[in-house]
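Remember, it's 1-based here, ligands and their atoms both numbered in the order they're listed.
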Amino acid sequence: MATLGVNIDHIATIRQARQTVEPDPVWGAAMAELGGADGITVHLREDRRHIQDRDLEVLRKTVQVGLNLECAIAPEMIEIATRVRPDKVTLVPERREEVTTEGGLDVVTHRDAVAAAVERLQASGIIVSLFIDPSPTQIEASAAFGVEAVELHTGCYANAVGAAAQAERLAELATAGDVVRSVGLELAAGHGLTYRNVVPVARLPGMGELNIGHSIVARAVFVGMSQAVREMKALIS
Ligand code: PXP
């Protein structure tokens with residue numbers, strides 16, 4: 001059964017809309033844990049548009065389940081990660097002008113920078129995952145870095161319109177999942193997953209972890225964070 005990593009970035013998005021202190025993502029993490037989250041995920045972006053350095057530092061002290069930091073391969077971010085020491089770092093691509101992470105990290109093009117980041121993180125005892133497109137080339141290149149896991153970008157599946165297109169994207173994820181397992185890496189997936197589209201992804205053979213943010217926080221506005229997490233957990237299990 002896949003575990004659920006709850007991404008709480010968008011609690012911080014609401015706070016930053018007013019540059020105030022509420023809602024606090026630290027409270028959100030606690031409520032998510034009460035709802036059964038297996039992990040808490042935050043993305044410390046270079047432009048600090050939602051999660052702030054203070055959030056990461058306090059979360060490191062308060063989160064009782066695994067803490068997964070998503071960040072760019074930029075040296076500044078790797079420095080922060082090695083200082084704060086989350087349980088896991090997921091390396092993601094980042095462009096300042098994007099609304100959200102638009103594709104996987106190209107670990108072939110950025111081979112040297114990824115290798116340097118992975119080496120520093122692992123030397124600090126941090127588990128490393130690479131957020132990549134569901135492509136065999138990217139998966140095989142990921143395995144060569146000696147990372148523990150990859151997270152497949154599910155955005156194309158989530159954005160597919162119509163049953164045929166969705167089935168095609170799901171098949172692509174299934175094939176990629178098989179490659180991930182065949183090279184001996186842990187399999188995670190995320191981006192754009194919702195209460196409506198999550199079940200087929202959760203059912204993929206060997207699916208280890210799903211990281212879900214926007215949809216859970218959106219539902220939490222109406223039903224509360226713990227309940228929103230509970231409902232997502234029920235779906236993926
Ligand atoms: N996984 C990764 C690597 C991400 O970058 C994001 C978005 O920050 C997510 C999962 C969660 O995506 P969503 O908010 O669409 O559920």
Side-chain angles (χ1 to χ4, degrees), residues 2-14 16 25 28-29 32 37-51 55-56 59 66-74 77 81 86-96 98-107 114 117 121 127-134 138-139 142 147-160 169 173 176 180 185-199 201-202 207-221 225 228-229 231-233 235-236:
T3 59
L4 175 62
V6 177
N7 180 313
I8 55 172
D9 291 350
H10 294 304
I11 297 176
T13 300
I14 299 172
Q16 295 311 113
D38 301 294
I40 299 295
T41 296
V42 290
H43 184 175
L44 185 67
R45 295 188 72 104
E46 290 179 274
D47 63 10
R48 306 299 197 274
R49 70 174 70 161
H50 38 53
I51 293 293
D55 301 329
L56 179 64
L59 287 165
L67 179 63
N68 173 29
L69 170 65
E70 295 172 359
C71 68
I73 52 177
M77 289 297 151
D87 300 289
K88 179 164 77 179
V89 165
T90 302
L91 295 173
V92 301
E94 206 172 292
R95 288 194 303 116
R96 279 171 193 255
E98 69 191 357
V99 174
T100 181
T101 316
E102 283 165 359
L105 178 63
D106 184 343
V107 298
V114 173
L121 293 166
I127 293 169
V128 182
S129 179
L130 302 174
F131 184 51
I132 55 172
D133 287 331
Q138 292 292 327
I139 296 163
S142 296
V147 295
E148 286 82 359
V150 292
E151 179 173 333
L152 300 180
H153 194 299
T154 50
C156 289
Y157 162 77
N159 293 333
R169 295 306 192 170
L173 287 168
V180 172
L185 296 179
E186 284 171 34
L187 173 62
H191 206 277
L193 296 176
T194 69
Y195 294 83
R196 291 190 177 82
N197 67 19
V198 73
V199 171
V201 178
M207 183 52 68
E209 178 183 285
L210 297 173
N211 280 301
I212 308 178
H214 185 268
S215 190
I216 291 176
V217 174
R219 184 168 292 216
V221 170
M225 192 67 184
V229 172
E231 290 174 20
M232 186 59 86
K233 276 279 283 190
L235 279 175
I236 71 176

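Between Ser142 and Val150, the shortest heavy-atom contact is CB-CG1, 3.6 Å.
Near His191, with a cut-off below 4.0 Å to any heavy atom, the atoms of ligand 1 are 6 (C), 7 (C), 10 (C), 12 (O), 15 (O). Taking every heavy atom of His214 and a limit of under 4.0 angstrom, the matching atoms of ligand 1 come to 13 (P), 14 (O), 16 (O). Near Ile212, the atoms of ligand 1 lying under 4.0 angstrom from a non-hydrogen atom of the residue are 16 (O). Near Gly192, meaning under 4.0 Å from one of its heavy atoms, ligand 1 places the atoms 12 (O), 13 (P), 15 (O), 16 (O). For ligand 1, the atoms lying closer than 4.0 Å to a non-hydrogen atom of Asn7 are 8 (O). Residue Val92 approaches ligand 1 through these ligand atoms, each under 4.0 Å from one of its heavy atoms: 3 (C).
Proximity of His153 to ligand 1, defined as any heavy-atom pair under 4.0 Å, is not found for any part of the residue. Heavy atoms of Glu70 found under 4.0 angstrom from ligand 1 belong exclusively to the side chain. Residue contacts with ligand 1 for Asn211 involve both N, CA, C or O and side-chain atoms from C-beta outward (heavy atoms, distance under 4.0 Å).
In this structure, the side chains of Asn211 and Asn7 stay at 4.5 Å or more apart for every pair of heavy atoms. Under the 4.5 Å side-chain criterion, counting only non-hydrogen atoms from C-beta, Val6 is not in contact with Met232. Within the 4.5 Å cutoff, the side chain of Cys71 has heavy atoms near those of the Leu91 side chain.
Between Glu151 and ligand 1, at least one N/O pair is under 3.5 Å apart. Polar contact with ligand 1: absent for Leu193 (N/O pair, distance under 3.5 Å).
His191 and Glu151 form no side-chain donor-acceptor contact under 3.5 Å, judged by distance and modelled atom types alone.
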Can you check salt bridge (charged side-chain N to carboxylate O under 4.0 Å, His left out) on Lys88 and Glu209, steps first, answer last? CA-CA 13 Å; Lys88 179 164 77 179; Glu209 178 183 285; 2.9 Å; yes

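Electrostatic pairing of Lys233 and Asp38 counts as a salt bridge here, judged by a charged N lying under 4.0 Å from a carboxylate O.
Within the 3.5 Å criterion, the main-chain N or O of Leu193 finds no donor-acceptor partner in the side chain of Tyr157.
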